[in-house]
Each structure stands twice: as C-alpha cells, then as structure tokens.
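See structure below.
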Amino acid sequence: MSPPPAPAAAVALAACILAVTAATLAGADDPYRFFTWNVTYGTINPLGTTPQQGILINGQFPGPRIDCMTNDNLIVNVINNLDEPFLLTWNGIKQRKNSWQDGVLGTNCPIPPGSNYTYKFQSKDQIGSFFYFPSVALHRAAGGFGSFNVFQRPQIPVPYSPPAADFTLLVGDWYKSGHKQLRQSLDSGAGELLPPDALLINGVSSPAAAPAIFVGDQGKTYLFRVSNVGMKTSFNLRIQGHQMRLVEVEGTHPVQNLYDSIDVHVGQSVAFLVTLDQSPADYAVVASSRRFGISPAASSPALLTATATLRYTGGGAPANIPMPAPPPEGIDWSMNQARSFRWNLTASAARPNPQGSFHYGGIATSRTMVLESSAPAIAGQRRFAVNGVSFVVPDTPLKLVDNYNIANVIGWDSVPARPDGAAPRSGTPVVRLNLHEFVEVVFQSTESEIQSWHLDGYDFWVVGYGNGQWNESQRTTYNLVDAQARHTVQVYPNGWSAILVSLDNQGMWNLRSAHWDRQYLGQQLYMRVWTPQQSFSNEYSIPTNAILCGRAAGLGH
Ligand SMILES: *[C@@H]1O[C@H](CO)[C@@H](O)[C@H](O)[C@H]1NC(C)=O
Ligand SMILES: *[C@@H]1O[C@H](CO)[C@@H](O)[C@H](O)[C@H]1NC(C)=O
Ligand SMILES: *[C@@H]1O[C@H](CO)[C@@H](O)[C@H](O)[C@H]1NC(C)=O
Ligand SMILES: *[C@@H]1O[C@H](CO)[C@@H](O)[C@H](O)[C@H]1NC(C)=O
C-alpha cells in the first residue's frame, strides 16, 4: 500500500508544539503530523445547478483528506472563521484515554468564531477508513467533513495483498437549504428534516456536476474506501460489471466475501477490493438511497442516485453492459447482508480491544441496556428521545463538569436501563459505567424508519439484528463466535440490533443516533467509563489548551 504523504509541517511550529504535547501524549516517540485548517464559508455547487453556501476547510469541499499511519500523533489546529461556534469530531478514531479530543459538545467547548483550537491525539492501534465531520449546529449539512485514512505500519500485515492504489468515496445525502435554514426547521419543533434533495459522491451529484472519476489499469486490484457522511440516508453502492471483495469494516477485518452491492448506513465506513477484470471502458459507480420504511413526515421519499466513474486506462467510452440494479427495497435483503458481515478470526492487525479477546462470546455481561428510540412531543415541540429522555446540551461540556465537579448539570444515570413507560422528558443523562465492564446494549426501534447508532471511543460486536420487540430469548440467536466489530450499527424499522462492548477506554463517550436531525433533537446520551484509581495510564489529564466555557470559564487547567 502506498505510504501516506509527508505531513505539511511548519518546522518551527512543530518544535514548539512538540514540547507541549510530549507531556500529555503517551506515544511521544511516534511520528507527528501537523495540520492547520482554516474553516470558512464559500460558494459551492454540488448539484451543478444551485450555487449555495458551503463550509470549506482550506478552501476545500469536502475537506482535506487525512492520510496517516497507526499511532501517528495528529496535531490539527482548527481556525474557525465562520460566524458561529464550530467543532470537529473524528468518526471512528477511538481517542484512547483521551475523550478530551473527541470534539462533541459533551467533551469540548465549541471553538468561538474568530478563534482556534488545536486537537492533539493519536491514531492509536487503529488501521482503516474513517472520517471527520462538524459536530455542532447542523454544520455537517453544509460540509466540513473529510476522510481520515489510517494506514498500517510496515511491520503489521493486513489480510489482503497491497492494492495498486486506493480510492476514497465520501457519499451522503444533501439539501439545497443551508444549515441555518435546516436548523430553523428543527428548532421550530415541527419534527425531523424532510427528505434530502440529492445524494453526493465526493461533493458532487451527477450528472449535472462533474462526477468523480477513478482511474485504474486493467488486471490490477484497487481498494475503495466508502463512508456514509450524510445526514439521514442509507445508501447502496455498486459498480457496473464488477464485484466487491469486502476487506474492512470500520477498522476491523471481516471475512472477505464477494458482493454485487453493499448497503452503507449513516456514519458507517467499509473498504472493498475491486479487480479490474473487464475490457477497458468506463464503468458506473452507483450509489442510491435505501428507503426501507415509509417515514410519517414524508410518505414517499424519492429514490436518490449519484454516479461516479471507474475508468480503465485507455478506456473512456461507457461500458456496453446494463447498469447495476439496486437490491430489493425491503428489510430482508439488507438484514441478511448485515448478518453476512463476520469477523475474520484469523486476521491479525487492529482488533476491537487491544488485548485481542477473540472469545467475547464467553464473557459474562455486567449489565444490559435496552435503549428504545422515540419521537415524543415535549412542551409542544417534536423531539427525539432514548427511553423517554431527550438530551439537552448543557451550557458546560460534561467532561469539564466532571473534571471540575460542577454541580447540578449532569443527570447521573437519569436514563432508565430499559424503557419504563414514564412520561417523555428532557434531561442531560450520563450513564456511569466502570472501566472494564462488559455490556450488552440493545437498540430497539418502534418506528418505521431505518436508524443508525454510533458509540464514540469504541468498537463493539454486533451480535444480532432482528424484527419486532427484543426479549431475553433472542440471546439464543446471537452470533457469539465471529460477529462483526464496528462503531456504528443500523437498526431496521420496527426491529432491534444488539451489541456487546468491552469498556476498556476510560472517558466521557457520546452514544448517539447517527441520523443528524435525531441527534440534534435529543437522541443521544453520554457514558462515563471510569475507575476510582486516577492514573495517567487510564486517562490523560485535561489538555493545557482546552477551551473553558460555561460554568468552567475562568477555572484553571
Ligand atoms: C482563512 O481564509 C480566509 C478566506 O480565504 C482568509 O481571509 C483568511 O486570511 C484565512 N486565515 C488564515 C489564518 O489562513
Ligand atoms: C491557536 O493557534 C496558535 C498558533 O497559531 C496556538 O499557539 C494556540 O495554542 C492555538 N490555540 C488553541 C486553543 O489551541
Ligand atoms: C482471514 O485472514 C487470513 C489471515 O490474513 C487470510 O489469509 C484469510 O484469507 C482470511 N479469511 C477469509 C475467509 O477472509
Ligand atoms: C420473545 O420474542 C419472540 C420472538 O418475537 C417471541 O416468539 C416470544 O414469544 C417472546 N417471548 C416472550 C417471553 O415474550
């Protein structure tokens, strides 16, 4: 695999930041990569027909790609030149012992307009395809996202031959309305966002705007890294005339099955190999939206399609074969495919838990949480909730509240472990869990839309997907041998998904709907993974440059 390019570093700046970070990062001997990111508004035209305001990083939409290597130290100075507070989060980067750098409102103060914050973190023990995105104020709907590829170190093998090159595809739904307008509609209490207007691949919607072209040689094999960076739409991806060999799911290595097409839900990433075994021509890379259920707000969302091109060197004419058809609309095909994603037990390299437990199925769980999503009206406003509690963002990040023992902000354990039928309410729940607990979480949907759930700081084993109401007897159906490990799991309409997670990463971690309107309207909570023995080997202390806001403003680091 091609090594990542050398970091664009200002040497003088490097020397001074190094002195600061060496004290707080364990991997001080690992290489450093420096980035300075200028976040601004700018005009973009992803639909080719509708110039609109986008969020750019260093003038780019999507934002710059991060290519780094396992254990690299990343120093990202984010300068906010928007007119609103801004924050980036690193989807799938586990921030080991370091939830301080997670970049969500429960861990970080947003960066005020005209100000900057320098993230300092390590891609510790990870290999794979991830992405970053803005985590506040629906900025994500306007851009600010980009890919984040972590390459293996030379001495670490991955379970496939090096591809000739790799291609990165950021695919997501898109709105003609700007993020402020979308926010207004959510703030009005009217409910979820209406269906999106388009689907984009790498920032363009075909055919009105120039679609992305990926060029390769006949006979060679290429790695495609695909992430769903959208707001709320699952998609299916396929390549005309070619099969896809799945080799990575969010930093873990699955059994390498061949697929004609792959479903990717919001917040998820996959990587697959494609061998250019056809005659030289242009082949369509097609993403189309998956609709599954019918949403109450929109009885029939339109099928959205985006197309890019896989071009053989010497090709250039469209292949004379049929376009690849989308899979059946229902749940069954997708759920069966999800069950076919299984962990390759003999593959080395990145594992969900650094101790490398292959026997997760034999570990006793310390507790079960059944988290049921709902869309209640609270004080006349449509909200989204988990077990009846709709999360309200506090004036001070929970991580700071905990660090400084600030009273009356956190609702400790205020979300019930199971749906209890109590009246829907607002709150700021943090679930207290002990370091090294082994926990079962069941995501229960009673709604007709597909959902997607993400946990920061962790990978988890997805041991089961089912229809209807989960109960204890479903445990007999769990895959306790080779379930796929990942950080984001879809939940099918009126169905459930069950995960097991080994809580080996101390910190304050966001568990949230990856559907961004649901997250924005309260479908999230935090988990504090903690131990009374305070030790830097468990968790780093507050960064010296942490922004202090709300009730933490003016307190010393
Ligand atoms: C950021 O970009 C804006 C717009 O291009 C420019 O005016 C500003 O000087 C840039 N700031 C930095 C720190 O590079
Ligand atoms: C803002 O950037 C400057 C360098 O330009 C750096 O010294 C400073 O630490 C940054 N601020 C924060 C809060 O990271
Ligand atoms: C699993 O990984 C091993 C070790 O790298 C590899 O040789 C094997 O082909 C993989 N198995 C499957 C079924 O993908
Ligand atoms: C549990 O769920 C299964 C499958 O839906 C159902 O057949 C069974 O009756 C349920 N058991 C209990 C105790 O509710």
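Each ligand, and each atom within it, is numbered from 1 in the order the structure gives.
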>> Closer than 4.0 angstrom, basic N to acidic O: yes or no for Arg418 and Asp420?
In response: no

> Got a salt bridge between Arg367 and Glu440, using NZ or NE/NH1/NH2 to carboxylate O under 4.0 Å?
Replying inline: no

> Between Phe86 and His139, is the gap from one ring center to the other below 6.0 Å?
Replying inline: yes

> Under 4.0 Å from atom 14 (O) of ligand 4, do we find at least one protein heavy atom?
Replying inline: yes

> For ligand 1, which atoms sit closer than 4.0 Å to a heavy atom of Asn81?
Replying inline: 1 (C), 11 (N)

> At what distance is the nearest protein heavy atom to atom 4 (C) of ligand 1, and which residue and atom is it?
Replying inline: Thr40 CG2, 4.1 Å

> Which of the atoms in ligand 4, numbered in the order shown and given with their element, are less than 4.0 Å from a heavy-atom of Gln474?
Replying inline: 2 (O), 3 (C), 4 (C), 5 (O)

>> I'd like to check atom 7 (O) of ligand 4 in this structure: does the protein have a heavy atom lying under 4.0 Å from it?
In response: no

> Just wondering, more than 12 heavy atoms not from Asn408 lying within 6.0 Å of its CG?
Replying inline: no

>> Is the distance from the ring center of Phe391 to that of Phe384 below 6.0 Å?
In response: no

>> I need the contact type for Asn77 against ligand 2. Using non-hydrogen atoms and a strict under-4.0 Å cut-off, is it side chain, backbone, both or neither?
In response: side chain

> Would you call Gly468 a ligand 4 contact, heavy-atom distance under 4.0 Å?
Replying inline: no

> In the protein, which heavy atom is nearest to atom 12 (C) of ligand 4, and how far is it?
Replying inline: Asn471 ND2, 3.2 Å

> Picking from Arg96, Arg512, Lys94, Lys399, what satisfies salt bridge (Lys or Arg N to Asp or Glu O under 4.0 Å) with Asp456?
Replying inline: Arg512

>> For the 3.5 Å polar cut-off, considering only N or O atoms, please tell me whether Asn38 and ligand 1 meet it.
In response: yes

>> Counting only nitrogen or oxygen atoms and a 3.5 angstrom limit, does Tyr117 reach ligand 2?
In response: no

> Can a salt bridge be assigned to the pair Lys176 and Asp197 using a cut-off of 4.0 Å between side-chain N and carboxylate O?
Replying inline: no

> Which bit of Thr36 is near ligand 1, meaning a heavy atom under 4.0 Å away: side chain, backbone, both or neither?
Replying inline: neither

> Among Thr118, Ile79, Asn116, which one has a heavy atom closest to atom 1 (C) of ligand 2?
Replying inline: Asn116

> For the residue pair Tyr132 and Phe145, is the inter-centroid distance of their aromatic rings smaller than 6.0 Å?
Replying inline: no

